[in-house]
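This report refers to the structure that appears directly beneath it.
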Amino acid sequence: MRPEKILAEGLYSKLKEALVAVLPTILLVLVLCFTVAPISPSILLCFLMGAVLLILGMMFFTLGAELSMTPMGEKVGSCMTRSRRLWVITALSFLLGFIITISEPDLQVLAEQVPSVPNMTLILAVACGVGVFLMVALLRMLFGIALPGLLVFFYIIVFILAFFVPENFQSVAFDSGGVTTGPMTVPFIMALGVGVSSIRNDRHAADDSFGLVALCSIGPILSVMILGLIYHPENSTYQQSAIPEIEDSTQLWELFRDGFPTYIKEMALSLLPIILFFALFQIFVLRLEKRQLLKICIGLLYTYIGLVLFLTGVNVGFMPAGNYLGSVLGSSGHPWILVPVAMVMGFFIVKAEPAVYVLNKQVEEITDGAISARAMGAGLSIGVAVSLGIAMVRVLTGISIMYFLIPGYAIALGISFFVPKIYTAIAFDSGGVASGPMTAAFLLPLAQGACMAVGGNVVTDAFGVVSMVAMTPLITIQLMGVISGFKERRKQTGQTAAVTAKAAFELLDENAIIEL
């Protein structure tokens, strides 16, 4: 089959997947708009235009990630560890973590919203945090260190430090752990894990290929908390995003046209460090064939186009709609309707996260279908639905986020000692993956709009949505492991009983023959 035909079929397949992922969210918002939460035609048009760009962006990005980011990560990971030099592995892993984090578009969005901390200071600190913990994650894989013990150790440090950080900074710190593991970071880091584990021959190598995202999510939390101790952002105020007013279709196009250059430049700068790093690896180490290199280049182009379309649609179209919708629901006579609405929205919206697709597909491949992409999707959807319900309760009541995070992580870490290792690694990876650009650019503005409508403190009550979305999948995915283990034990017990019964019958038959 000709290459262009393969690419065309690939795009068509990804378009169908994007439609299945995004259409439920679009339909839910439309139902709300025409029933309990009427919004202006301007906001509705922006939302629909953003939805079209989001679907096209997902189509290009998912195919591009398969063609470029995944093979790049695998090849770089296997080459790094093949050298067997510890200093080379640690230095390159820190550099990779630093570069990829600076490339992450979600971090730029968060940096704009964090009060009293200069943007570049925040970005560099978070990038250092990810770099250090990517080193820790790779060394854990190489030496076969158990993941649950490491997670318990580092999260104890996180929660001890949280009690010394100003309350205005706690939610933002935990949110930072989610936004840094987004559509740019996850495909590369997860593939890096597969590449590193490929040089190990033991039976736990595949299990240990997961867990990199889990550890890399901790670094930003610690980094931002340390910044909170330094900058003391008590006097910060939240600035609500502007609601666009559109009179005709020409103004609608102009709104998105003005947004495109921002994301064209932003994604070019984001991809450039990764491309340069891979180019140096190709020249001095990899030396891939022309056909392989061409495939990766086409994939990078698709990834770039997809992220530009996706981020323009989400930030220009979805963000104002989310903010306005939250404001309308919060100011209605029944603000508690936000809880079920957010839960239903969270159930469907996680399917539209680009990095979720990458995680689910890789889990299915690594486990040979034992953990299906469909089961992963269901576990994540349930987890995110619960987290959005809790987040809206916080918005309406002002309960501190620590009352949810401490018991939530205690339960997640406690379960980790009783489930198969691979479920723990996948669960903690999924927490970072579920909290991507859809959460940051639609669900967070939804909470902010609702919080302002009910007169709450946006910095303490609305921020934290991302961290809640990152927490609940840790529990739901591991509960899948508990259920799977229970079923496996029942199956083995049944098989043992059948074998015992068969042996007993055979013994009875032998005794009968002897008596005769």
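For the pair Phe418/Val482, no side-chain contact is recorded, criterion being any heavy-atom separation below 4.5 Å from C-beta on. Side-chain contact between Lys351 and Val356: absent, with no pair of heavy atoms (C-beta onward) separated by less than 4.5 Å. Side-chain contact between Val36 and Leu32: present, with at least one pair of heavy atoms (C-beta onward) separated by less than 4.5 Å. In this structure, the side chains of Met267 and Leu311 come closer than 4.5 Å at one or more pairs of heavy atoms. Under the 4.5 Å side-chain criterion, counting only non-hydrogen atoms from C-beta, Leu212 is not in contact with Phe133. In this structure, the side chains of Val130 and Pro220 come closer than 4.5 Å at one or more pairs of heavy atoms. Considering only heavy atoms from C-beta on, Leu300 comes within 4.5 Å of Met69 through its side chain. Annotation: side chain of Met468 is not in contact with side chain of Leu443 (no heavy-atom distance under 4.5 Å).
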>> Does Val341 form a side chain to side chain contact (heavy atoms under 4.5 Å, CB included) with Leu28? I'd like the steps, not just the answer.
In response: CA-CA 9 Å; Val341 165; Leu28 177 61; 5.6 Å; no
> What do the steps show when you test Met345 against Leu388 for side chain to side chain contact (heavy atoms under 4.5 Å, CB included), and what is the final call?
Replying inline: CA-CA 8 Å; Met345 202 170 286; Leu388 262 295; over 6 Å; no
>> Is there a side chain to side chain contact (heavy atoms under 4.5 Å, CB included) between Asp429 and Val363? Walk through the geometry before answering.
In response: CA-CA 11 Å; Asp429 278 355; Val363 167; over 6 Å; no
> Can you list the steps and then say if Met392 with Leu446 is a side chain to side chain contact (heavy atoms under 4.5 Å, CB included)?
Replying inline: CA-CA 9 Å; Met392 291 306 155; Leu446 180 80; 3.8 Å; yes
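The shortest non-hydrogen separation linking Met343 to Gly389 is CG-CA, 3.4 Å. Closest heavy-atom contact between Leu63 and Gly10: CD2-C, 4.0 Å. Of all the heavy atoms in Ala462 and Cys451, the pair that sits closest is CB-CB, 4.0 Å. Considering every non-hydrogen atom in both Gly346 and Val384, the closest pair reads O-CG1, 3.4 Å. A pairwise comparison of heavy atoms in Leu329 and Ala37 identifies CD2-CB, 3.7 Å as the closest pair. In terms of heavy atoms, Val350 sits closest to Phe347 at CG1-O, 3.7 Å.
Taken from CD1 in Ile401 to CD1 in Ile390, the straight-line distance is 10.5 Å, to the nearest 0.5 Å. Taken from CD1 in Ile415 to CD1 in Ile477, the straight-line distance is 11.5 Å, to the nearest 0.5 Å. Once rounded to the nearest 0.5 Å, the distance linking CG of Leu222 with CZ of Phe154 reads 8.5 Å. Distance check, rounded to the nearest 0.5 Å: OG1 of Thr303 to CE of Met72 gives 8.5 Å. The structure places CG of Asp175 at 6.5 Å from CG of Leu444, a figure rounded to the nearest 0.5 Å. Expressed to the nearest 0.5 Å, how far NZ of Lys16 lies from NZ of Lys14 amounts to 11.0 Å.
At least one donor-acceptor pair under 3.5 Å links the side chain of Gln170 to the backbone N or O of Ala162. Checked by atom type and distance alone, the side chain of Thr101 never pairs as donor or acceptor with a backbone atom of Ala127 at under 3.5 Å. For Gln478 (side chain) and Leu474 (main-chain N/O), a donor-acceptor pair under 3.5 Å exists by modelled atom type. Put simply, the side chain of Thr312 never gets that close to the backbone of Leu309: no donor and acceptor are under 3.5 Å apart. A donor-acceptor pair under 3.5 Å is absent between the side-chain atoms of Ser327 and the main chain of Asn323, judged by distance alone. Of the possible donor and acceptor atoms, none in the side chain of Tyr423 sits under 3.5 Å from a partner among the backbone N and O of Ser416. The closest donor-acceptor contact from the side chain of Arg394 to the backbone of Val465 lies at 3.5 Å or more, if one exists at all. Without hydrogens or angle criteria, Asp461 side chain to Asn457 main chain gives a donor-acceptor distance under 3.5 Å.
Between Phe47 and Phe442, the ring-plane angle classifies as tilted under the 30° and 60° cut-offs. Using bins of under 30°, 30° to 60° and over 60° for the plane-to-plane angle, the ring pair Trp253/Phe260 lands in the tilted bin.
Checked against the 6.0 Å centroid criterion, the rings of Phe174 and Phe159 qualify as a close aromatic pair.
Shown are Phe428, Tyr155, Phe404; of these, the ring-ring contact (aromatic ring centres under 6.0 Å, His included) with Tyr409 is made only by Tyr155.
By the 6.0 Å contact criterion, OH on Tyr12 is open, its count of non-hydrogen atoms from other residues, nucleotides or ligands being 12 or less.
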